Amino acid sequence: MTQFLPPNLLALFAPRDPIPYLPPLEKLPHEKHHNQPYCGIAPYIREFEDPRDAPPPTRAETREERMERKRREKIERRQQEVETELKMWDPHNDPNAQGDAFKTLFVARVNYDTTESKLRREFEVYGPIKRIHMVYSKRSGKPRGYAFIEYEHERDMHSAYKHADGKKIDGRRVLVDVERGRTVKGWRPRRLGGGLGGTRRGGADVNIRHSGRDDTSRYDERDRDRDRERERRERSRERDKERERRRSRSRDRRRRSRSRDKEERRRSRERSKDKDRDRKRRSSRSRERARRERERKEELRGGGGGGDMAEPSETGDAPPDDGPPGELGPDGPDGPEEKGRDRDRERRRSHRSERERRRDRDRDRDREHKRGERGGERGRDEARGGAGGGGQDNGLEGLGSDGRDMYMESEGGDGYLAPENGYLMEAAPE
């Protein structure tokens, strides 16, 4: 397909001319030929110096020895400078040391960003300030980190010396001391080998950690106080944690007790509901038994008619038995079984309201009255049947034409006696 391209495009695919060969300018190292062969150093031994005539070897200085030598030289130079400056140093004739030395306070370890106005605000709380002199570097002009504060009264200086030590200003705790240059005899500043600091003496086992303002006993006491305070805070935190654990346990116990009480109340309600149901069931059963007993007695009383009853007396209202109505024998109304039944009946009736008792009493009276009327009619029918049947003995001899005479003659003051069971029944309403 490329042969059909135009000439200008075919020229792009044409190969270039071959690179022309040029002979090298010099031979390669492996192509060179050496005229003299390699040899040893034996021919040159005679050129060396005789070892017996050579000077003794010199010992070179090691790096550690060189550093130690420089340090000793620096200490010696510094000692010479200190001795020279000590001869020239006189704090009483210093032009920068002005004012009363016994009213001047020395403040060190000051933050480099702290200004003179900030120092004045912090230290004016102890009394009026007369002058504040902050020390600056002569070469760079930056603050050196310490200052001198002169009070108007000496008592104010003593108050600041006592209470301002360790005060935090701009995030740093300052060191407060009196001016010792003009008040302490033989005093030398830090730059001349004096001062109270001991943080540049060596390692951690040599340097002192306190400021040197007081003896170490005070700072040891302060450390002990700090340790006691730390232990007290730890104990307080432990007590708080233990108190919180006890509170959580008590809350859990209260929660469990509330749940148990709620469960117990629910169970008691269920038990009370069960008891109420059982009581209602028993009361319904007792009412059912009483109803069945009354129906059975009514059936017995209605089915027997007047045949089982004894012949009433013509002159008395009581039954023809020799004893009184209440003494009908062991099976009468005064027997132990009948007394128990009466007590049960009275106990059951006591649970009813007055209205229910009145309604039941009226209903019983109506039933007894109707049964008496039915019994009287049945007695009259039997009496007619006996008279027409040839004088059959049906137990109704001596009764009048009205069958109710038997019930009317046996009526007492409070009712009449049922002949089949001996119960004292209430009289039917007129």
Side-chain angles (χ1 to χ4, degrees), residues 104-127 129 132 134-135 142-149 151 154-180 183-184 187 189-190 193-263:
T104 305
L105 198 68
F106 171 72
V107 183
R109 300 179 184 176
V110 182
N111 194 336
Y112 294 139
D113 298 331
T114 303
T115 60
E116 184 177 336
S117 58
K118 182 63 179 291
L119 280 179
R120 183 180 293 274
R121 287 197 304 270
E122 293 291 338
F123 284 91
E124 269 184 348
V125 297
Y126 305 104
I129 295 176
I132 294 180
M134 295 189 70
V135 181
K142 296 180 179 180
R144 297 288 301 274
Y146 63 95
F148 294 92
I149 301 175
Y151 283 90
E154 188 175 352
R155 63 175 181 273
D156 299 336
M157 189 274 294
H158 286 292
S159 177
Y161 171 80
K162 184 177 180 181
H163 299 96
D165 186 26
K167 189 174 184 180
K168 184 176 284 189
I169 300 175
D170 291 338
R172 292 194 64 178
R173 296 192 180 276
V174 298
L175 169 67
V176 177
D177 196 6
V178 296
E179 184 186 348
R180 297 178 181 267
T183 58
V184 180
W187 170 261
R190 178 73 174 270
L196 296 177
T199 59
R200 299 180 183 176
R201 295 177 182 175
D205 55 341
V206 179
N207 294 341
I208 59 175
R209 298 182 180 180
H210 56 83
S211 63
R213 167 181 151 174
D214 294 330
D215 55 352
T216 57
S217 61
R218 175 189 174 189
Y219 286 90
D220 294 341
E221 185 70 24
R222 183 178 297 178
D223 294 339
R224 286 194 294 271
D225 294 342
R226 192 180 297 110
D227 294 339
R228 285 196 293 268
E229 182 68 20
R230 189 182 302 109
E231 292 176 0
R232 188 184 63 81
R233 287 196 297 268
E234 290 177 359
R235 288 195 299 268
S236 177
R237 285 194 293 268
E238 291 295 333
R239 284 196 297 269
D240 294 340
K241 291 180 182 178
E242 184 64 26
R243 191 179 300 112
E244 185 64 26
R245 285 195 292 268
R246 287 199 298 269
R247 287 177 181 173
S248 62
R249 286 196 294 268
S250 64
R251 285 195 294 268
D252 294 339
R253 285 196 296 269
R254 285 197 297 271
R255 194 180 299 112
R256 288 195 296 269
S257 64
R258 284 196 295 269
S259 62
R260 285 197 298 268
D261 295 341
K262 189 182 297 182
E263 185 68 20

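No experiment lies behind these values; they were computed from the predicted model shown.
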Trainee: Search all heavy atoms of Ala160 against all heavy atoms of Tyr151 and return the closest pair with its distance.
Mentor: CB-OH, 3.5 Å
Trainee: Return the minimal non-hydrogen interatomic distance between Tyr161 and Val176, and the atom names on each side.
Mentor: CA-CG1, 4.0 Å
Trainee: Partners of Glu238 by salt bridge (charged side-chain N to carboxylate O under 4.0 Å, His left out), sequence neighbours excluded?
Mentor: none
Trainee: Under a 4.0 Å N-O cut-off, is there an ion pair linking Lys241 with Glu244?
Mentor: no
Trainee: Which residues pass the salt bridge (charged side-chain N to carboxylate O under 4.0 Å, His left out) test with Arg255, not counting sequence neighbours?
Mentor: Asp252
Trainee: Which atom pairs, donor and acceptor, lie under 3.5 Å between side-chain atoms of residues 168-175 and protein residues at least two apart or in another chain?
Mentor:
from	atom 1	to	atom 2	distance (Å)
Asp170	OD1	Lys118	NZ	2.7
Asp170	OD2	Thr114	OG1	2.7
Arg173	NH1	Gly166	O	2.9

Trainee: Which residues pass the salt bridge (charged side-chain N to carboxylate O under 4.0 Å, His left out) test with Arg256, not counting sequence neighbours?
Mentor: none
Trainee: For Phe123 versus Ala164, what's the shortest heavy-atom pair and its separation?
Mentor: CE2-CB, 3.7 Å
Trainee: For Arg121 and Val125, work out which heavy atoms get closest and say how close.
Mentor: O-CG1, 4.1 Å
Trainee: Rounded at 0.5 Å granularity, tell me how far CZ in Arg232 sits from CG in Asp227.
Mentor: 13.5 Å
Trainee: Can you tell me how far apart CG (Asp156) and CD1 (Ile149) are? Round to the nearest 0.5 Å.
Mentor: 12.0 Å
Trainee: Can you measure from OG (Ser159) to NZ (Lys162) and round to the nearest 0.5 angstrom?
Mentor: 8.0 Å
Trainee: Under 4.5 Å between any side-chain heavy atoms of Ser250 and Arg253, yes or no?
Mentor: yes
Trainee: Rounded to the nearest 0.5 Å, how far apart are CD of Glu116 and CD1 of Ile129?
Mentor: 9.5 Å
Trainee: Please identify each residue that fulfils salt bridge (charged side-chain N to carboxylate O under 4.0 Å, His left out) with Asp240, with sequence neighbours left out.
Mentor: Arg243
Trainee: Using side-chain heavy atoms (C-beta onward) and a distance below 4.5 Å, is Met134 in contact with Thr115?
Mentor: no
Trainee: Using a strict 4.0 Å threshold on nitrogen-to-oxygen distance, state whether Arg239 and Glu242 make a salt bridge.
Mentor: no
Trainee: Who are the side-chain contact (heavy atoms from CB on, under 4.5 Å) partners of Val135, not counting sequence neighbours?
Mentor: His133, Arg144, Tyr146, Phe148
Trainee: Go through the steps for Lys262 and Ser259 under the test side chain to side chain contact (heavy atoms under 4.5 Å, CB included), then give the verdict.
Mentor: CA-CA 5 Å; Lys262 189 182 297 182; Ser259 62; 5.6 Å; no
Trainee: For the CZ atom of Arg251 and the CZ atom of Arg246, what is their distance to the nearest 0.5 Å?
Mentor: 12.5 Å
